[in-house]
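A quick write-up on the structure given underneath.
Within every chain, numbering begins at 1; the chains are lettered A, B, ... in the order of the sequence lines, protein sequences first and strands thereafter. Hydrogens, waters and symmetry mates are skipped; everything else that's a heavy atom, side chains included, is used.
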Amino acid sequence: MIAIQCKNIKKSYGSKETLIQALKGINLEIEQGKLTLLVGPSGSGKTTLLSIIANLLTPDEGEIFLLDQEMSRMPTEKKSEFCRKHLGVIFQSLFLIPSLTVAENVALPLIIDGESEERAKEKSMEILNKMKIAHRAETSPSNLSKGQQQRVAIARAIINESQILVCDEPTSALDQVSGHEIMTVFKELSTSPTRAVLIVTHDPRTFPFADKIIDICDGQIISGKDHA
Amino acid sequence: MSLAIKMLIGNRASCIGVIFGIFLATLLISQQSAIFLGLVSRSYRLVTDIPSPNIWVIDPATESDVKVRGLPEGYLDVVRSISNIEWAVPINIMDIPLVTQSGIFDLGQLIGIDDSTMIGAPPEILEGNLRDLHREGGVLVDVYSAKGSLAHILSDGTKVPLTVGDSLEINNHRAIVVGICKITQGFYPQPNIFTTNHNFKNFSSRNTIDFIAAKTKTGANVEEVLQKINAFSVLEGLTRNQLEWRMTKSFLKTGILINFGLSVALGIIIGFSIAGLIFYIMTLENIKYYALIKAIGGSQDQITKMIAVQVTIVGVIGYLLGTGATILWGFATEDTSLAFLFPWQLFVFTSVIVLLICIFTAALSIHKVARTDPILLMGA
């Protein structure tokens with residue numbers, strides 16, 4: 001099933017003389033059960049596209065469908081609810097809240113969704129167990145290594161059993177071993193037939209994990225092929 | 001809610017800074033106001049220390065116990081003759097020179113009370129007997145000056161409080177201390193000497209009456225009685241509250257309201273600036289986390305509630321600490337020459353100011369967060 005579908009997405013910044021067309025009519029489809037990489041050089045528009053998919057930006061033109069629902073015409077409240085229930089975003093800087101424990105950071109989306117703190121924490125422990133980091137649940141995220149922090153951010157993104165997981169440059173700050181471990185986690189997550197994983201990256205170390213690699217350059221998709 | 005609290009206390013320095021700002025504002029506002037109200041209440045202590053009369057009769061030019069125009073003595077009988085007046089007694093008051101046994105000069109306030117009824121006597125006699133005031137030259141001295149400015153100073157410099165049996169020189173007349181009393185202190189730190197009107201005349205060589213304290217008969221219409229008094233152009237009849245307010249107005253002419261008002265205004269400015277600024281900085285430090293909450297589907301309402309909870313917590317803690325410190329100050333200054341009055345209205349006033357500071361503080365931060373676009377998370 002198609003989890004993410006972009007139809008003729010256009011996005012510009014600035015006006016008149018300073019106008020920059022970041023996306024020039026993007027058409028793409030991301031399937032469930034696959035790990036898709038969106039690759040391209042700096043300034044190619046990949047982060048803009050990811051932001052639009054993550055509902056952080058609105059496209060100037062075009063339509064975006066997440067799980068068959070058209071997002072740009074969806075009312076804000078419904079869109080927020082959709083994001084809480086179906087979308088997991090992992091930012092490049094992770095943004096783990098230092099005043100909360102690891103378990104509380106992971107439980108954050110459920111607490112925001114109105115889940116009781118007790119239940120949210122229980123669920124976060126389950127996820128942390130799966131991520132093999134439960135032993136650090138009560139510590140502050142600032143006491144963790146970069147790789148462990150990345151795992152916490154992933155746990156936070158999947159705690160609501162999101163069917164769409166988008167991630168911005170997950171391996172950029174990781175060494176070879178940690179990068180490999182994190183990509184293995186993403187690979188495992190993408191094997192779920194109901195989940196699509198989209199990763200924006202320019203790190204060639206991630207390519208072997210991909211089911212599909214989409215090349216973007218100068219705001220346009222150059223190629224989108226299944227990866228052997 | 002716990003998320004808001006954790007984000008608040010996670011930023012310990014800022015949290016303490018905001019609490020300190022609100023504490024300081026509350027302390028300045030409540031303590032300075034309490035001192036001011038204490039001083040104001042001293043300005044009409046003549047009325048509060050003599051609770052039995054419900055009407056006071058004065059010359060229309062009289063403003064307070066320090067700015068008095070005397071009435072001719074005959075007007076006492078005029079007041080007594082007005083229907084529905086149960087009793088009326090003269091109360092005299094004047095500043096008069098004193099010399100202690102040690103030869104120390106001071107300017108005291110001499111208060112003459114009614115010889116027969118003793119109305120006007122101080123509320124609490126600590127030593128001696130009130131009836132002894134009928135002795136020739138008999139006076140009561142307030143305990144603060146008995147231990148302070150009127151105390152004997154021995155050759156080695158030690159102070160021995162004035163006591164019953166000691167003598168004073170009042171306006172070149174010998175006076176005998178027959179008692180020590182406790183009274184509400186006045187604005188000026190001067191000795192307060194009570195005596196009978198008979199002795200008062202001897203000390204002062206005056207034949208006028210400064211105040212006539214009167215009581216209406218039970219069930220009488222006080223307004224009607226006052227109208228009858230005011231029919232005499234040289235008399236002005238006032239209720240207790242009216243005389244208190246007149247004395248307060250006279251006292252406020254000193255400019256003291258402006259001075260204390262500035263202190264209170266400073267407290268308010270400190271509250272708005274320190275609390276508002278530090279909390280705003282704290283919000284800026286957390287802005288990416290608020291953006292994150294938005295990005296993962298949190299609503300502006302949820303974030304507004306979080307900020308409201310945080311501001312309420314620091315506001316309540318700061319307010320309680322500030323008010324607590326003021327109350328402690330009040331206890332510490334009890335029975336000293338320092339003025340302090342903390343009525344419930346001051347609690348309300350301080351609460352309203354702190355509430356306004358908190359609303360301003362929260363509004364600044366909520367406005368900032370509302371304008372924050374979660375796209376900033378992608379820019380890192």
- Do the non-hydrogen side-chain atoms of A:S99 and B:Y289 ever get within less than 4.5 Å of each other?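 A:S99 does not reach B:Y289 side chain to side chain.
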- Item | Close side-chain approach of A:I112 and B:K294, heavy atoms under 4.5 Å |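 No, every pair of side-chain atoms sits at 4.5 Å or beyond.
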Quick check: are there more than 12 heavy atoms from other residues, nucleotides or ligands sitting under 6.0 Å from [atom1] of [X]?
X      : atom1 : result
B:F20  : CZ    : no
A:K146 : NZ    : no
A:E77  : CD    : no
B:I258 : CD1   : no
B:Q345 : CD    : yes
A:K130 : NZ    : no

- Message: Using heavy-atom distances under 4.5 Å, tell me whether B:N286 contacts chain A through its side chain, its backbone, both, or neither.
- Response: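 Interface part for B:N286: neither.
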- Relative to chain B, which segment of A:E104 carries a heavy atom at a distance below 4.5 Å: side chain, backbone, both, or neither?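 It is the side chain, since no backbone atom gets that close.
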- Query: Which bit of A:I97 is near chain B, if near means a heavy-atom gap under 4.5 Å: side chain, backbone, both or neither?
  - Reply: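 When you check distances to chain B, atoms from both the backbone and side chain of A:I97 fall under 4.5 Å.
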Output the distance between atom [atom1] ([X]) and atom [atom2] ([Y]), rounded to the nearest 0.5 Å.
X      : Y      : atom1 : atom2 : value
B:K288 : A:L94  : NZ    : CG    : 12.5 Å
B:S299 : A:R84  : OG    : CZ    : 7.0 Å
A:S80  : B:I296 : OG    : CD1   : 11.0 Å

- Query: Can you check whether B:M378's main-chain N or O pairs, donor with acceptor, with A:Q92's side chain at less than 3.5 Å?
  - Reply: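 Such a contact is absent between A:Q92 side chain and B:M378 backbone.
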For the interface with chain B, which of [options] has the highest count of heavy-atom pairs at distances below 4.5 Å?
options                     : result
A:N160, A:I111, A:L108      : A:L108
A:N55, A:L87, A:D113, A:L56 : A:L56
A:A54, A:P98, A:C83         : A:P98

- Item | Closest approach of A:F91 to B:L292 (non-hydrogen atoms, all atoms of both residues) |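 Smallest interatomic distance, heavy atoms only, reads CE1-CD1, 3.7 Å.
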